[in-house]
Amino acid sequence: MSGYTPDEKLRIEQIRTLRRRWLKDQELSPREAALQAQPKLSAVAKFWAGFLEPKSLWRLYTYKAYTGGVFALTRLLIPAWITHYCIKYHIAKRPYGIVEVKPKLYPGDTILETGEVVPDLPPTHGHH
C-alpha cells in the first residue's frame, strides 16, 4: 500500500492550514508599528547615554590615565619606596630619619656648640 491514509491526509491538511494562518497572522497591519518607539530621554539620561558610549573620547583618555597611573604606581613608586626603606633602615650606617641620643651633660661639662659651662645643681635642703 502506498500513499497516505485518509486520516494522515486530513492531519497534513490541518497542519498546512495552521501554518498558513500563522504566517498570515505574522504580517503587520498598517496601524501596527514595525518597531517599538523608544522613550524620550531626559537631559540627564541623554548625557549618561552619550557619556557611557563605547570608544568615546573620554573613555580613551580615562583608560590612558588609568594605565599610566597603574604603571607609575607599580613600576616606579612602590619599587622606589621599597628601595628607600631598605637603604634607610638596613644598609645606611646613619639613617637620616633616626636621631642619635645626645651625650648626657653633667654639672661642670662644657657645651660644645656654645662653649658654655653647665652650672652646678642648686643645693637642696632635706631629702627631696
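Heads up: numbering here begins at 1 and tracks the sequence. Keep in mind it's a predicted model, so treat the numbers as computed, not measured. Only this structure's heavy atoms are used, side chains among them; waters, hydrogens and symmetry mates stay out.
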**Q** Compare every heavy atom of Asp120 with every heavy atom of Pro107, then report the nearest pair and how far apart it is.
**A**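 Pro107 and Asp120 have their closest heavy atoms at CB-OD1, 3.5 Å.
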**Q** Please report the interatomic distance CD1(Ile15) to CG(Leu10), rounded to the nearest 0.5 Å.
**A**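 Those atoms lie 10.0 Å apart.
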**Q** What's the spacing between Leu76 CG and Thr74 OG1 if we round to 0.5 Å?
**A**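 The distance works out to 8.0 Å.
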**Q** Would Trp81 and Leu77 show up in the same hydrophobic cluster when neighbours are defined by side-chain heavy atoms closer than 4.5 Å?
**A**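 Shared cluster, yes.
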**Q** What is the minimum heavy-atom distance between Leu41 and Lys46, and which atoms define it?
**A**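 Minimum heavy-atom separation between Leu41 and Lys46: O-CE, 3.9 Å.
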**Q** How long is the gap from NE2 on His84 to CD1 on Ile82, to the nearest 0.5 Å?
**A**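 Reported to 0.5 Å precision, the distance equals 13.0 Å.
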**Q** Working note: Gln26 + Trp22, criterion side chain to side chain contact (heavy atoms under 4.5 Å, CB included); need CA distance, chi angles, decisive distance, verdict.
**A** CA-CA 6 Å; Gln26 299 307 309; Trp22 183 83; 3.3 Å; yes
**Q** If every non-hydrogen atom of Val118 is compared with every non-hydrogen atom of Tyr106, which pair is closest and at what distance?
**A**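 Shortest heavy-atom separation between Val118 and Tyr106 comes out as CB-O, 3.7 Å.
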**Q** Got more than 12 heavy atoms from elsewhere within 6.0 Å of CZ, Arg11?
**A**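 It does not: Arg11 CZ has 12 such atoms or fewer within range.
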**Q** Do you know which two heavy atoms are closest between Arg59 and Glu53, and how far apart they sit?
**A**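 Where Arg59 meets Glu53 most closely, the heavy atoms are CD-O, 3.4 Å.
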**Q** If you compare all heavy atoms of Glu27 against all heavy atoms of Glu32, which two are closest, and at what distance to 0.1 Å?
**A**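 Shortest heavy-atom contact: O-OE1, 4.1 Å.
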**Q** Could you report the tightest heavy-atom contact between Tyr85 and His90, atom names first, then the distance?
**A**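 Closest approach of Tyr85 to His90: CE2-NE2, 3.7 Å.
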**Q** How many angstroms lie between CG in Leu18 and CD in Glu13, if you round to the nearest 0.5 Å?
**A**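 Spacing of CG (Leu18) from CD (Glu13) equals 10.5 Å.
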**Q** Kindly compute the distance separating OG1 (Thr17) from CD (Gln14), expressed to the nearest 0.5 Å.
**A**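 Here the interatomic distance stands at 6.5 Å.
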**Q** May I ask whether Trp58 and Phe47 are part of the same hydrophobic cluster, defined by side-chain heavy atoms of I, L, V, M, F, W, Y residues being less than 4.5 angstrom apart, directly or through others?
**A**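 Trp58 clusters together with Phe47.
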